[in-house]
Amino acid sequence: MQTAFHLAHEVQRLSRASLPSDAAELARYLIGKTVVRKIGRSRMSGRIVETEAYPSGDRSGHAYRGRTVSNQTLFMDKGFAYVYFIYGTSYMLNVTAEEPGVGAGVLLRAIEPLEGINLMERLRKTDELRDLARGPGRLAAALQIDKRLDGVDLCADGLLWLGSAVRETAYIRKTVRVGISHEVGRLLRFFEVGSPFVSAPSTG
DNA sequence: TATGCGATATTCT
DNA sequence: GAATATCGCATAG
């Protein structure tokens, strides 16, 4: 843990070219990578341990019925933030996938907090490390993600970006996705086996 | 540990 | 009106 914290300061931004275009491949690729969030002089970061892919044409994806005002950023080039609000309570942070004009993305479902844990605790109103960002709504709350970050380039220096892995990822497992009612059988949820920071069923 | 339910905003029918 | 890529609290076992 101490090593991971130290290395988090040396994380390199992921280039757009390094990202797989395919949504499922991107979802797997992002496991173990870092999310960095800057607020003023504070910096928070976490290690991605759980993702879900929403490929083009998937009936459970927001892009399925075509481009609208609310989902238009999902149709951007890969590596941009798609943020939406749901259930009246939660924001969700996604990374866009595929080529420009194609609506696909990857939902970030959980991170292992690395830097800025004190700030995350304040934003989440809890000091339970394991619960800070276990689940997509909690993740967004811990990093203070809202609609203002919709469309942000995650491959550029800014308030929110993606970085390289701080350590090796032991083993990745894929299962069905959580909380959807269409195409429920597709194995498009990815998580790091054994991580206590993974939400929902961490077996399968 | 598992299941159930209310809260609450935005979009779509 | 209904549905929704959820959370937190309650209750039961």
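Below, read A as the first sequence line, B as the second, and so on, with proteins coming before strands; counting in each chain starts at 1.
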**Student:** Which whole-number value in Å describes the distance from A:Leu93 CG to C:dT6 P?
**Tutor:** 14 Å
**Student:** Does A:Phe85 stack onto the base of B:dA9, taking stacking as ring centres under 5.5 Å apart and planes under 30° apart?
**Tutor:** no
**Student:** Is a salt bridge present between A:Asp58 and A:Arg186, judged by a nitrogen-to-oxygen distance below 4.0 Å?
**Tutor:** yes
**Student:** Could you write out DNA chain B as dot-bracket? Rules: Watson-Crick or G-U wobble, both distances under 3.5 Å, brackets [ ] for crossings, | for pairs with another strand, dot for unpaired.
**Tutor:** |||||||.||||.
**Student:** May I have the distance from A:Tyr82 (atom OH) to C:dA5 (atom C1'), rounded to whole angstrom?
**Tutor:** 9 Å
**Student:** So, are A:Lys125 and A:Asp131 salt-bridged, with charged N and O less than 4.0 Å apart?
**Tutor:** no
**Student:** Between the side chains of A:Arg189 and A:Glu50, is the shortest nitrogen-to-carboxylate-oxygen separation below 4.0 Å, so that they form an ion pair?
**Tutor:** yes
**Student:** Using a 3.5 Å distance criterion without hydrogens, assess whether the side chain of A:Asp127 forms a donor-acceptor pair with backbone atoms of A:Glu121.
**Tutor:** no
**Student:** Can you identify which nucleotide, out of C:dC7, C:dA5, C:dT4, has its nearest atom closest to the A:Arg138 side chain?
**Tutor:** C:dC7
**Student:** Can you tell me how far C1' of C:dA5 sits from CG of A:Leu108, to the nearest Å?
**Tutor:** 12 Å
**Student:** Can you check the A:Arg177 CZ to C:dT6 P distance for me, whole Å?
**Tutor:** 11 Å
**Student:** Classify A:Ile180 by what it touches in the nucleic acid, base, sugar-phosphate, or nothing, heavy-atom distance under 4.0 Å.
**Tutor:** sugar-phosphate
**Student:** So, for A:Tyr82 and A:Tyr84, is the gap between ring centers shorter than 6.0 Å?
**Tutor:** yes
**Student:** Does A:Arg65 make a side-chain N or O approach to OP1 or OP2 of B:dT13 shorter than 4.0 Å?
**Tutor:** yes
**Student:** Quick one: A:Asn71 CG to C:dT4 P, roughly how many Å, whole number?
**Tutor:** 16 Å
**Student:** Please tell me which of the listed nucleotides, B:dT13, C:dC7, C:dA5, lies nearest to the side chain of A:Ser90?
**Tutor:** C:dC7
**Student:** Where do N or O atoms of nucleotides 1-3 of chain B meet protein N or O atoms at under 3.5 Å, pair by pair?
**Tutor:**
none

**Student:** Given the ring of A:Phe80, does A:Lys78 sit roughly above its face, with NZ or CZ under 6.0 Å from the centre of the six-membered ring and within 45° of the axis?
**Tutor:** no
**Student:** A:Phe190 ring centre to A:Arg28 NZ or CZ under 6.0 Å, with the angle to the axis within 45°?
**Tutor:** no
**Student:** By the 4.0 Å heavy-atom rule, please label A:Arg59 as base, sugar-phosphate, or nothing.
**Tutor:** nothing
**Student:** Expressed as a whole number of angstroms, how long is the span from A:Tyr54:OH to C:dA5:P?
**Tutor:** 7 Å
**Student:** To the nearest angstrom, how far is A:Arg130 atom CZ from C:dG8 atom P?
**Tutor:** 13 Å
**Student:** At less than 4.0 Å, is any side-chain N or O atom of A:Thr89 found next to OP1 or OP2 of C:dG8? Yes or no.
**Tutor:** no
**Student:** Does a side-chain N or O from A:Arg189 land closer than 4.0 Å to OP1 or OP2 of C:dA5, or not?
**Tutor:** no
**Student:** Looking at A:Thr96 and A:Leu74, would you say the former's side chain and the latter's main chain have a donor-acceptor pair under 3.5 Å?
**Tutor:** no
**Student:** Does C:dC7 have its OP1 or OP2 closer than 4.0 Å to a side-chain nitrogen or oxygen of A:Arg124?
**Tutor:** no
**Student:** Among C:dA5, B:dT11, C:dG8, which is the nearest nucleotide to the side chain of A:Ser70?
**Tutor:** B:dT11
**Student:** For the pair A:Arg177 and A:Glu183, find out whether any cationic side-chain nitrogen is under 4.0 Å from an anionic carboxylate oxygen.
**Tutor:** no
**Student:** Using a 4.0 Å heavy-atom cut-off across all strands, classify A:Gly88 as base, sugar-phosphate, or nothing.
**Tutor:** base
**Student:** Got a salt bridge between A:Arg167 and A:Glu112, using NZ or NE/NH1/NH2 to carboxylate O under 4.0 Å?
**Tutor:** yes
**Student:** Let me know the distance between CD1 of A:Ile86 and P of C:dT4, rounded to the nearest Å.
**Tutor:** 9 Å
